[in-house]
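First up is the structure itself, then whatever we jot down about it.
These numbers come from a predicted model, not from an experiment. The figures that follow rest on heavy atoms only: side chains count, while hydrogens, waters and symmetry mates do not.
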Amino acid sequence: MRIDILSLFPEMFTGPFSESILSRARQAGLIDVHITNPRDFSADKHHKVDDIPFGGGSGMVLKPEPFFDALNAVKSVGAADKCRVILLSPKGQRFTQDKAKQLAEYEQLIFICGHYEGFDARIEAELPDEMISIGDYVLTGGELPAMVIVDAVSRMIPGVLHADDSAETDSFYNGILEYPQYTRPRDYLGREVPKVLFSGNHALIERWRKKEALKDTLRYRPDLLTEYKPETKAEKKIYDEARLELAE
């Protein structure tokens, strides 16, 4: 996947994209990240990309020309359905794990990061395929949201994680939180690892994990289960047991 980010502050991405999983994914050629500064497309001799708002008001508004030209420079010539242009904005839909799965299907993602008092409305109206927000709060710019989304989407790309099925056990992947994990020592300060994990019975372990994941979701994020519908009688039984045990 090719990932292009239009940002006035490209150096903000140096650290996050040069460490850990994202760094390894780039080295392996699984993701190809490019940062483009719209200032390079400004016709102003001082590379100015903002101006005062018509009608008055505080702050500065990002001008359309540099962003239109920067997008045209990085957008692939290939089929439009293989590229998705995303503008980071509080007006956008809330980012979710399902959205990360959807975006991972594209060959190119382009993120437009804002700053200052926001974009000229013509940028919002004409450039993006969609607008996305990572939460109901205000940040200085779109750089941090772009990092968050790139990280989440990259995990969905085959080969990025050490094991291809690792993402499937993550919180939110299947609509609920992840099950509890344990490692050595088996007994730490009197707190023992559940015996079922040493049973060798994989079906029993899987059932325990499903129930514990549901219990954690009921305990910490019950809102995720408002539309939860077990697909089988066995799953409904596990869900009912989780609710009963949590109430005890």
Side-chain angles (χ1 to χ4, degrees), residues 1-18 22-23 25-26 29-93 95 99 102-134 138-154 157:
M1 175 185 284
R2 177 183 169 108
I3 298 172
D4 285 277
I5 301 173
L6 307 187
S7 170
L8 302 176
F9 301 94
E11 292 185 2
M12 287 183 67
F13 297 91
T14 303
F17 290 169
S18 301
L22 290 182
S23 176
R26 294 179 71 183
L30 298 172
I31 60 173
D32 185 19
V33 181
H34 300 264
I35 316 296
T36 299
N37 194 334
R39 294 184 192 279
D40 295 336
F41 296 85
S42 172
D44 182 86
K45 65 178 181 180
H46 301 296
H47 301 289
K48 188 177 180 181
V49 294
D50 59 350
D51 210 332
I52 57 175
F54 284 125
S58 61
M60 304 289 279
V61 175
L62 292 170
K63 295 160 62 69
E65 304 101 312
F67 285 87
F68 273 71
D69 291 345
L71 179 63
N72 288 333
V74 302
K75 196 169 185 178
S76 296
V77 180
D81 60 353
K82 296 181 180 179
C83 175
R84 195 73 171 167
V85 180
I86 299 158
L87 187 143
L88 291 314
S89 170
K91 300 177 183 177
Q93 293 294 312
F95 183 64
K99 175 57 69 173
Q102 294 170 19
L103 294 179
E105 299 297 322
Y106 290 93
E107 293 182 3
Q108 182 184 20
L109 296 179
I110 303 175
F111 296 92
I112 304 175
C113 302
H115 231 78
Y116 310 124
E117 288 300 310
F119 296 101
D120 181 291
R122 290 164 290 189
I123 296 175
E124 294 181 345
E126 299 186 36
L127 294 190
D129 295 307
E130 65 179 308
M131 294 191 284
I132 294 180
S133 167
I134 63 168
V138 178
L139 297 171
T140 303
E143 284 76 16
L144 291 175
M147 295 175 200
V148 168
I149 297 173
V150 169
D151 188 288
V153 171
S154 296
I157 299 173

Salt bridge (Lys or Arg N to Asp or Glu O under 4.0 Å) with Lys91: which residues, sequence neighbours excluded?
Glu124
Please evaluate residues Ile86 and Leu103 with respect to the criterion side-chain contact (heavy atoms from CB on, under 4.5 Å), reporting the C-alpha separation (whole Å), side-chain torsions for both, the decisive distance (0.1 Å), and the verdict.
CA-CA 10 Å; Ile86 299 158; Leu103 294 179; 3.8 Å; yes
Looking at every non-hydrogen atom in both residues, tell me the closest pair between [X] and [Y] and how far apart they are.
{"X": "Ala70", "Y": "Pro38", "answer": "CB-CA, 4.3 Å"}
{"X": "Leu127", "Y": "Val85", "answer": "O-CG1, 3.5 Å"}
{"X": "Glu117", "Y": "Gly59", "answer": "CG-CA, 3.3 Å"}
{"X": "Arg122", "Y": "Phe68", "answer": "O-CZ, 3.7 Å"}
{"X": "Leu62", "Y": "Gly114", "answer": "CD1-CA, 3.9 Å"}
{"X": "Gly92", "Y": "Ser133", "answer": "O-CB, 3.7 Å"}

From CA spacing to verdict: side-chain contact (heavy atoms from CB on, under 4.5 Å), His34, Val74
CA-CA 9 Å; His34 300 264; Val74 302; over 6 Å; no
Do [X] and [Y] have side-chain heavy atoms sitting under 4.5 Å apart?
{"X": "Phe17", "Y": "Ile3", "answer": "no"}
{"X": "Arg26", "Y": "Asp32", "answer": "no"}
{"X": "Ile132", "Y": "Pro145", "answer": "no"}
{"X": "Lys63", "Y": "Asp120", "answer": "no"}
{"X": "Leu22", "Y": "Val33", "answer": "no"}

Looking at Gln93, I want to see if its CD is surrounded by more than 12 non-hydrogen atoms of other residues, nucleotides or ligands under 6.0 Å.
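No, because the 6.0 Å sphere around CD of Gln93 holds 12 heavy atoms or fewer from other groups.
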Gap between atom CG of Asp69 and atom CG of Asp40 - 0.5 Å precision
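Asp40 atom CG to Asp69 atom CG measures 11.5 Å (nearest 0.5 Å).
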Could you tell me the separation between the CZ atom of Arg84 and the NZ atom of Lys75, rounded to the nearest 0.5 Å?
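Result: 10.0 Å between the selected atoms.
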Kindly list each side-chain donor-acceptor pair under 3.5 angstrom involving residues 7-16, sequence neighbours excluded, with atom names and distances?
{"residue": "Ser7", "atom": "OG", "partner": "Phe9", "partner atom": "N", "Å": "3.0"}
{"residue": "Ser7", "atom": "OG", "partner": "Glu143", "partner atom": "OE2", "Å": "2.7"}
{"residue": "Thr14", "atom": "OG1", "partner": "Glu11", "partner atom": "O", "Å": "3.2"}

According to the ring-ring contact (aromatic ring centres under 6.0 Å, His included) rule, which pairs have a member within residues 42-67, sequence neighbours left out?
Phe67-Phe119
Between Ile134 and Leu139, does the side-chain contact (heavy atoms from CB on, under 4.5 Å) criterion hold? Intermediate values first, please.
CA-CA 10 Å; Ile134 63 168; Leu139 297 171; 4.2 Å; yes
In this structure, which one of Asp4, Ile123, Ile110, Thr36 forms a side chain to side chain contact (heavy atoms under 4.5 Å, CB included) with Leu71?
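Checked Asp4, Ile123, Ile110, Thr36 against Leu71; only one passes side chain to side chain contact (heavy atoms under 4.5 Å, CB included): Ile110.
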